Amino acid sequence: MPTSSPADSARPSKVRLRHVLEAKQSGRRLAMLTSYDQFTAKAFEAAGIDLLLVGDSVGTTVLGHASTTSTTHQDMLTFTAAVARSVTRPLIVADLAFGTYQTSPADAVRHAAELVRAGAEAVKLEGGHAMIPQVRAIVEAGIPVMGHLGFTPQSVNALSGHRVQGRDHAAADRLAEDAIALQEAGVFAVVLELVPASVAARITEVLQVPTIGIGAGPDCDGQVLVWQDMAGLSDFQGAFVRRFAQLRDELERAAGEYRAAVEGRVYPTSEHSFE
Ligand code: KIV
């Protein structure tokens, strides 16, 4: 059972863009999780999660790639459709895959529209100033855009690996400028990934749209985690991750018990058989 919070009565029956923006005004924290399939989507909807991110992290968490740069547009369409078919309440945000928007605003609009056709209600893309024409074009096409700054996984090679961004003054200023530029271009929220808490707090204070943190401290307007990290299914040990369950242990225990029952001929029994 999800833990109820005082804000439960204020929860919309369908999360829409305006509710995300209103949350910033009212101070209601936004909880976002990744989801790529019907079972997690339904469980997270039942738990009251406001935003589901069909992240390109599906490539690393589900498909076994080393980097999200290997996640394809077709992957994103398939997993976005699976989530969209399964839930009605949460706002569904889908990642634009690497290489589908950096090339031109026209490519960005075309791929964003295909994600919407698959069931996304908003799209997310990575980058600051360089992506402003793309953000403007997608927003003008009537598709809500979420920005993503700080450590941007699709630029893992350019950033020399998974590293906290914006540590020095100049880099922190650049991040803040990028966030403001994204807001002016029309994004409805900005993910801040692997950013010092003080920098994320400063950006959160300056922006009128919500910030969603991942490894960005407690002062963002919302938080997002990759669900397999949050639930202890992956073995990712990031310092910013809290494991709210130990699903890997539980799954291993269940599979071991199943194996023992099959090998010991105690499953199936007549109870599990047809006459
Ligand atoms: O793809 C993803 O899971 C993400 C989160 C890390 C924010 O973009």
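Note that these values count all heavy atoms, side chains included, but never hydrogens, waters or copies made by symmetry. As the structure lists them, so they are numbered: ligands from 1, and atoms in each ligand from 1. Positions are given from 1, in the same order as the sequence printed here. Quick caveat, the model's predicted, so the values are computed rather than measured.
- Membership of the apolar cluster around Val262 extends to Tyr258, Tyr267, as traced through chained side-chain contacts below 4.5 Å between ILVMFWY residues.
- Judged as a side chain to side chain contact (heavy atoms under 4.5 Å, CB included), and not counting sequence neighbours, the contacts of Gln223 are Cys220.
- Every residue meeting the side-chain hydrogen bond (donor to acceptor under 3.5 Å, both in side chains) condition with Thr72, not counting sequence neighbours, appears here in chain and number order: Asp75.
- For the side-chain hydrogen bond (donor to acceptor under 3.5 Å, both in side chains) with Gln154, the qualifying choice from Asp56, Thr69, Thr68 is Asp56, the only one to do so.
- There is no side-chain donor-acceptor pair under 3.5 Å between Tyr101 and Thr103.
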Taking a 3.5 Å cut-off between nitrogen or oxygen atoms, can you list every pair linking ligand 1 to the protein, with distances?
unit_1	atom_1	unit_2	atom_2	d
ligand 1	1 (O)	Asp56	N	3.2
ligand 1	1 (O)	Asp56	OD1	3.0
ligand 1	1 (O)	Ser57	N	3.1
ligand 1	1 (O)	Ser57	OG	3.2
ligand 1	1 (O)	Asp95	OD2	3.1
ligand 1	3 (O)	Ser57	OG	2.5
ligand 1	8 (O)	Lys124	NZ	2.8

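- A side-chain donor-acceptor contact under 3.5 Å links Thr204 and Thr211.
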